[in-house]
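Structure first, commentary second.
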There are 2 protein chains.
Amino acid sequence: MSPTRNLIIIGSGPAGLTAGIYAARSNLAPLIIAGKNPGGQLMGTSFVENWPGEKSILGPTLMTNMHEHAKQLGCEFLSQEITKVDFTKKPFTLWTHKNQELSAHAIIIATGAMPNKTGCPGEQEYWGKGVTTCAVCDGAFYKDKKVAIIGGGDTAMEDASFMTKFTNEITIVQILDKLTATYAMQERVINDSRINIFYNSTLTSIQGDGQHVTGMTIMHKNTQHVSNLPVDGIFIAIGLKPATTIFQDQLQLTDYGYVHVKNHTRTSVEGIFAAGDVSDARYRQAITSAGIGCMAALDAERYLKDSGII
Amino acid sequence: MSPTRNLIIIGSGPAGLTAGIYAARSNLAPLIIAGKNPGGQLMGTSFVENWPGEKSILGPTLMTNMHEHAKQLGCEFLSQEITKVDFTKKPFTLWTHKNQELSAHAIIIATGAMPNKTGCPGEQEYWGKGVTTCAVCDGAFYKDKKVAIIGGGDTAMEDASFMTKFTNEITIVQILDKLTATYAMQERVINDSRINIFYNSTLTSIQGDGQHVTGMTIMHKNTQHVSNLPVDGIFIAIGLKPATTIFQDQLQLTDYGYVHVKNHTRTSVEGIFAAGDVSDARYRQAITSAGIGCMAALDAERYLKDSGII
C-alpha cells in the first residue's frame, strides 16, 4: 500500500480537474483518479457555447485544456477506476478495479453522472447502432432521416432543436402530459413545425435490421394505443444517474441517489467532499461543476489545516 | 421610463457576465449594468493562473473575452451605475446615477466587493503614489525597493510571495498574533528570509515627500511601542467590502454587509438573486463567481417561468 496522501480526487470532469488545479496550487499534491470516463460528459459533446469567455469550443478541447493545466501544476493522474471505499476509518481507504489500495486524509468525490436508459427491448442491442444519448455528437449522421427524442426536459428540447439543423422529421416521445423543460426551450420546440410531440407516451420497443435501428413502438399510457413508427435514430434524453453506487453504504445520499451535501461541498462524513453532477441534480453545467470543484478544494484544504494534517 | 425587462443584471465581473451569457441563451434578453468598475476586480490584475483550462491568461483579457461572449449572445450593456433601488414593489425599479429609471421582473445582483482601506493618515494622500491594493499590478515598480504588506490573510500572503520576485526587503504588518491565511500560503511566507513579519501591529500613518511614499509608522498593540520604517511601497491587503450600500434597506444582509443568500442565489426578496463576491465572503474566486452567476441566471429563469412572466 502506498503512503497516505493529503487529498485524492475521484473523477476528472470539470469538477475534478478544477479541484485538482486549486489543490495543486495549494501544495496538496493531489492524486486524480481519472475513472472510467476521463474528462467526463463533455468528452462526448461537440461544440460548447456556454463556457464563459469561449464563444464556441469543442467539449473535448476544453477538457484537454483543463487536464493539461492540472498536469502542469503537478496533479498526478491514475488511469484506474475506484470500485470500493472505506470511509468509516481515518485515513480513508480506496481500492481500484485492479485491486490497488490507496489511502488519503481527505477525498473529493467528483464521479459525475451517467445518462439513464429506458430498458426497453432492443435498446441494448442497438446501442451505438442508432440508439444514443448524444444528439450533438451523432446528429450529423441523420441528415434527412427520421429521428426520435425520448424525454421532455431540457436535454430533450436541446436535442430536438439541434436536430432541426439536419432533418425535418423529428418526433418527441414524452411520458407526461406536458414538457418539463425551461420555458424558452419548450417554446422553441412547440413552435417548430418540424417537430412532432407525442404526450403521455412511452417507448416500448426498438426494432432494427440487425445492423441499425429501423423503427420503434410507442404506447399511449391512457388509451393503451400502440403505434409502430419507422425511425432511423433514437436519442434517449431521460435524465441522469449519479455515479454513487460505491458510496451507498458509506455516505448519506438523496432520494434520487445523489451525494447529499450541505454548506456547498460537505458530505455526511467529515473529510469527504463532493462536487459536480454527483451532488447536483439542478444546475449540471460545466461552469457550475468547475465552480463547486474549486470550492471543494478550498474546503478540503481548510479541513486538512484545521485537522493539523498540513 | 423604458418598458419593464425580464431581467436586469447589476455588475459585469465574472458573476454578472456569466449570468448574462446564460440568460441570453435562455432568450431573457438581459440588460447588464456595467457599473463603476466594468469587468470587476480582475481588470486590476495581471496574470491569472487558476482559471480552469488557461495555464496563464491576463485578467483583463479573460474579462474582455467574457464581455465579447455575452455581447455576441445578445446581452445589452448600460455604462452607468445604479444608485437607488426599490425592491418593495413588483416589478422592481432601479435608478442610475444619471437618474435614468429602469424596471425589471427579476434582478441579479453581482456588484462584487472592493478592497478595504486602513483609514490611517497619509493613506488617501499617497493613494496611487506608493499606496495600492494590487501587488500583482504594481509590484514591478518596486524592484530592489522596500515594500510593506498590510494584512495576514490569503491576499497578503499572495502579495508577499509575489513581491519576492522583485525585492528582498518585504515587511508584513499583521494586526493579530498570527497569520490567518491558508496553511500553504503561510508556510511559504514564514520560511522566506526575504519577508519579515510584525505581529500584533497596526499601521498608524504613512509618510511621503509629497510625490511618493517614503515611510510608515507602525505601533505594537500590546507594548504601544512605535516604529518608523523607511518604505517605498505599501500594499493594503485587509479584506474586501461588498458593494451593498444601496441594498441596505431593501435586502437582508449578513453581519459583514454581504447579501444574505439561501439555496445558492436566493435573497430575502423573491425575484432578486445574488451571485459572486457580493454574497460570498468565503471563496471569492473568478471560477466560483462564474459558477454562481450561472446558477443565478437559471434560478431567475425558473422564477420568471413559475411566475408566469415568460
Side-chain angles (χ1 to χ4, degrees), chain A residues 14 17-28 49-57 61-70 72-73 154 182-188 263-264 280 282-295 297-299 301-302 304-306 308-310, chain B residues 14 17-28 49-57 61-70 72-73 154 182-188 263-264 280 282-295 297-299 301-302 304-306 308-310:
Chain A
L17 291 177
T18 302
I21 287 163
Y22 269 81
R25 279 173 57 88
S26 293
N27 290 325
L28 299 182
E49 296 181 349
N50 53 16
W51 179 261
E54 297 279 359
K55 288 176 192 166
S56 182
I57 185 170
T61 303
L62 178 59
M63 295 319 300
T64 304
N65 291 350
M66 279 193 212
H67 178 95
E68 290 300 318
H69 191 178
Q72 186 216 31
L73 289 168
D154 283 356
T182 46
Y183 175 76
M185 285 179 171
Q186 281 192 33
E187 200 180 41
R188 207 178 311 155
N263 215 341
H264 300 292
D280 169 24
R282 182 157 141 210
Y283 302 107
R284 304 189 303 203
Q285 305 299 308
I287 189 68
T288 55
S289 290
I292 307 276
C294 165
M295 294 179 186
L298 297 176
D299 288 342
E301 185 190 3
R302 177 58 54 109
L304 289 166
K305 190 183 163 196
D306 290 349
I309 291 162
I310 59 171
Chain B
L17 291 177
T18 302
I21 287 163
Y22 268 80
R25 278 174 59 88
S26 294
N27 291 325
L28 298 182
E49 296 181 348
N50 53 16
W51 180 260
E54 298 281 358
K55 289 175 191 165
S56 183
I57 186 170
T61 303
L62 178 59
M63 295 321 300
T64 303
N65 291 349
M66 280 194 212
H67 179 95
E68 291 299 319
H69 191 180
Q72 186 217 31
L73 289 168
D154 283 358
T182 47
Y183 175 76
M185 285 179 170
Q186 282 192 33
E187 200 181 40
R188 207 179 311 153
N263 216 342
H264 300 293
D280 170 23
R282 182 158 142 209
Y283 302 108
R284 303 189 301 202
Q285 305 298 307
I287 190 68
T288 56
S289 290
I292 306 276
C294 165
M295 293 180 187
L298 297 175
D299 289 341
E301 184 190 3
R302 177 58 54 108
L304 290 167
K305 192 184 161 195
D306 291 348
I309 292 162
I310 57 169

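Chain identifiers are assigned alphabetically (A, B, ...) following the order of the sequence lines, protein sequences preceding nucleic acid strands; residue numbering begins at 1 within each chain.
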Measure the spacing between [atom1] of [X] and [atom2] of [Y] and express it to the nearest 0.5 Å.
X	Y	atom1	atom2	value
B/S56	A/H69	OG	NE2	8.5 Å
B/I310	A/T182	CD1	OG1	8.0 Å
A/E54	B/M66	CD	CE	10.0 Å

So which of A/M185, A/R302, A/E301 has the largest heavy-atom pair count under 4.5 angstrom toward chain B?
->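 Most pairs with chain B among the choices: A/E301.
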Pick from A/R25, A/K55, A/R188 with the largest number of heavy-atom pairs that fall under 4.5 Å of chain B |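 Most heavy-atom pairs under 4.5 Å with chain B: A/K55.
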Is it the side chain or the backbone of A/D154 that comes within 4.5 Å of chain B heavy atoms, both, or neither?
-> neither
Please state whether the side chain, the backbone, both or neither of A/E49 comes within less than 4.5 Å of a heavy atom of chain B.
->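 Both parts, backbone and side chain.
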Can you check whether [X] reaches [Y] side chain to side chain, under 4.5 Å on heavy atoms?
X	Y	result
A/L298	B/Q285	yes
B/H264	A/T288	no
A/I287	B/I287	yes
B/M295	A/I292	yes

Exercise: identify the closest heavy-atom pair between B/N65 and A/G53 = CB-O, 3.5 Å
Which atom pair, heavy atoms only, marks the closest approach of B/P52 to A/I21?
-> CA-CD1, 3.9 Å
By a 4.5 Å heavy-atom criterion (distance strictly below it), what part of B/Q72 contacts chain A: side chain, backbone, both, or neither?
->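 The answer is the side chain of B/Q72.
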So what's closer than 4.5 Å to chain A heavy atoms on B/N263: side chain, backbone, both or neither?
->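 For B/N263, the contact with chain A is made by backbone and side chain together.
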Show the numbers, then the answer: is there a side chain to side chain donor-acceptor pair (under 3.5 Å) between A/D299 and B/Y283?
-> CA-CA 9 Å; A/D299 288 342; B/Y283 302 108; 2.7 Å; yes
